Amino acid sequence: MKRAGVVALNTFREAVRDRVLYNLVFFALLMMAVAILVGQISIGIEESVIVSLGLTAISVIGLFIAVFMGVGLVYKEMDKRTLYALLAKPVRRWEFLLGKFGGLLLTLAVNTAAMAAGLYVALYYVKHPLERSDAFVLTAVYLILLKLAMVVAIALLFSCFTSPFLAILFTTGIYIAGLFAQDLRTIQSQTMAHSTAAFLRGLSYLLPNFENFNVMAAVAHGRGVPGTLVLHNTLYAVIYCTIVLVLAAGVFSRRNLK
Amino acid sequence: MTNAAIETENLSKQYPHGFLHLKKKTSLEGLTMQVETGEVFGFLGPNGAGKTTAIKLLMGLIFPDGGTARILGKSISEVAMHQNVGYLPEQPYFYDYLTAAEVLDYFARIHDLAEADRHERVERMLRKVGLETAKKIQLRKFSKGMLQRVGLAQAILHDPQVVILDEPMSGLDPIGRREVRDIILELKREGKTVLFSTHVLSDAEMLCDRVGVIVSGKLRGVGAPEEIVGVKTSGMEILFELAKNDAKAPLLSAATRTGDRYRAHVGEGELYAALEQLRGAGAKILSVSQVKPTLEEYFMHLVEADRAQAAAVEVSGK
Amino acid sequence: MSARSPLAWLVCGVLTLGFAGVWQLQERIDAQRAAMYLERDDLMLRSGKVVQAMSLEYAPLVADLYWTRAVQYYGNKHNAHEANLELLWPLLDVTTTLDPSLTVAYRFGSTFLSEPAPGGAGRPDLAVQLLERGIKANPDYWRFYQDLGFVYYFDLKDYPKASQAFYEGSKHPAAQIWMKVMAAKIAAEGESLETSIFLWKQVYDTATDPALKNNAETHLRSLKVKIDCQQIDALSEEYAKRTGKRPASIRELLQAGMIPGIPLDPMGYPYELGEDGKAEVNLQSPMLEEQLMKNQKQ
């Protein structure tokens, strides 16, 4: 387990030294500035707009990082052969995977925290005293991070056995499908056979339901989110990530390195 | 009770290839061999013979289709086995955003070495492979030779009993090759077991206690370099000088000539007769020596035989 | 990974247990989110023009996405028996701005925008606006005139305008003859049961969208009830003339040989005579609920 931590920290170090990350954070800060500008124009709903825009930016940028860096997590090491020397050491393949996952997650957490801080700065700028209700934004950010963790796990899975291009395609595809998973559950159509409807319903549970983590509507209007929902979502993300990571470990454990 | 540091039994590997991966290409077939503790063993063979495949199988980077292997008594499928084995991959590449010291420290942590120990070892290794001056430079700036040295350093960082090197001399200049040879010899002095693969025969002849020749996935011969080529000589070689170009000397036609010097090959039984001839022709005998087949000839012979067999198989349509 | 290896078993085990857990959690999460009214309803971008600008050359595709959302939105609200359909107009507005030729959006929209709550948004004015846009973009699609006339007739009760709409539509070479007939009839009579039934039947016969069909069927049922009751009342009058007193129950009409059998409402329940002697829907019939809901809006 400790070795997984070593791999994780190294992955984090790689992300930090990879200057792409700095640009994204800068981009996020820029977005916050734009948010303030928008706040100047509209009347009365500045907070709502800043929170919505900010959360959207955090989510979108986080997704970009999760997908684009996630699909390279394993592939890059296999392609560049840095993996050869590493796997010859007394480290299990699943420890390696867990480490890569943890490292990117840590990167995302740090990045997200930075952006959240920027959001609060923007919010403070617009309405000077921050109220208690503004703390709910943190809940939304936390849930976004959970969602990103799931995306990283999925990207990691694909990274184990396909090229980056295909992995990006598949991961993005699953993300979009996951957004509509809830709709699949409630799909009603007279023309559909019962078996099809049942199949779609089952599929909707298997797909990652990313909408679960979206509380922007409430938080943007200063409403809170019940603690049990946060707890359930946390459990959901943990279990789902475990499933995907175990699957990845299974696939990777017997993979012959070229 | 064997004394073998490395032993394999019928190790085989096939690769799917061709359209839709339907055909299978045998990369390694039935490799059975032992490497004794404390010896330097060389895997010899042309490119694509299966040397790297065998080594990757031993290191758990690829999985065998058949057979077993053990290193220091532990099966290759056990992760703990790696604690006592060092590995240098072919054309190594490491995280280019790290410095040499950082890479070695990373690997040291993976080996669970304590902090103080880590620091000391990393410094020692860097000195050993001659990289102390470059230890703070990012690997992306390293030359191939320097990367090879980093590779060597990480292979012996944790003081393993068995060291496996895949083409350790490839891409190095003569100085580099010399340094690697020295390190291998030093490892041998320390009582370590070294297995390395190469296609440079002179290195094998110089360093190895024993060699294993692999051609087309099969182990063709194992033994000390001299043994393998056979003790029997293939004749004698006479080096002589001839003052005048006397066409009468019958040996001349068969000899190779460089300026005034001639080199002639004769069978053992015909040596004295040949010498008489030359005396009669007034030649000055410079030297008479045994001709032993070199490893290279043995090697080429094997490869040719193998190719002929492959061609025959094709022709017969099997 | 061979089938027998412990790793394979571990993976299968984790997958099965994991997804079972996920299933359970998902149900709980769904329930909680529903309780919070946390729908994806917050339509950030309500301006059709803005969305159009952002869609670049993918406007028709984005239109399809918004259309899908509109249908889902309506469906979810309908199933949850919720009356608040305030997002329907913005969704349809954006849809038709992005793809002015998406005829089904106009037809669907006009029906459910104008329909009073809880069946629709109760905004016939927006329905008219939507249809006029549709007519402008698709001048050859005469059915929009049909829908326009529909809205004026049923929801706005503006019979001159209704007649006008049917008349305009009838001018199209492809238009069906009844459009002209309808124009005249409405101009002359205004509202009538016959007209209403005819118009709804038109929708029922030609609609492919299940929601539209269902809606038409609902309306036709209540109209049938009205007609049935009218007929029964007429028979009661007859009976009263013949026997000097009103019938106490429908049975008496049957016994008098005036009807071949007990008349049933569209749900299959027999009609009854109320305290005022007028025909009524059976207390046990689901039609009662439908009627009450209809009466609520008026």
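Remember, it's a predicted structure, so these values are computed and weren't measured experimentally. Just so it is clear: chains get the letters A, B, ... in the order the sequence lines come, proteins before strands, and each one is counted from 1.
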Would you say CD of B:Glu123 has more than 12 non-hydrogen atoms from neighbouring residues, nucleotides or ligands within 6.0 angstrom?
yes
For the interface with chain A, which of B:Met81, B:Glu102, B:His158 has the highest count of heavy-atom pairs at distances below 4.5 Å?
B:Glu102
Correct closest heavy-atom pair for A:Arg17 and B:Thr99 would be NH1-N, 4.5 Å
Toward chain A, the part of B:Leu98 with a non-hydrogen atom under 4.5 Å:
both
To check you understand the geometry: which heavy-atom pair defines the closest contact between B:His82 and A:Pro90, and what is its length?
CB-N, 3.5 Å
For A:Glu95, is it the side chain, the backbone, both or neither that has a heavy atom under 4.5 Å from a heavy atom of chain B?
neither
Side chain, backbone, both or neither: which part of A:Arg255 has a heavy atom under 4.5 Å from chain B?
backbone
Would you find more than 12 non-hydrogen atoms of other residues, nucleotides or ligands less than 6.0 Å from A:Lys76 atom NZ?
no
Portion of B:Pro89 that has a non-hydrogen atom of chain A nearer than 4.5 angstrom
side chain
Options A:Leu9, A:Leu86, A:Leu87, ranked by heavy-atom pairs under 4.5 Å with chain B, top entry
A:Leu86
How long is the span from the OH atom in B:Tyr97 to the CG atom in A:Asp18, to the nearest 0.5 Å?
9.0 Å
Identify the heavy atoms of B:Val79 and A:Val91 that sit nearest to each other, and give their distance.
CG1-N, 3.8 Å
Pair count under 4.5 Å, heavy atoms only, with chain B: among A:Arg3, A:Lys89, A:Lys2, highest is A:Lys89
Is there a side-chain contact between A:Asn256 and B:Leu61, using heavy atoms and a 4.5 Å cut-off?
no
Specify the closest pair of heavy atoms between B:Gly60 and A:Arg93, including all atoms of both residues, with the distance to one decimal.
O-NH2, 3.2 Å
Could you tell me which portion of B:Glu78 (side chain, backbone, both or neither) has an atom closer than 4.5 angstrom to a non-hydrogen atom of chain A?
neither
Heavy-atom contact with chain A under 4.5 Å, split by part of B:Phe63
both
Check step by step if side chain to side chain contact (heavy atoms under 4.5 Å, CB included) holds for A:Arg13 and B:Tyr95.
CA-CA 11 Å; A:Arg13 182 162 48 176; B:Tyr95 305 108; over 6 Å; no
Quick one: what part of B:Asn84 sits under 4.5 Å from any heavy atom of chain A, side chain, backbone, both or neither?
neither
Pairwise distance OH(B:Tyr93) to CZ(A:Arg81) - rounded to 0.5 angstrom:
12.5 Å
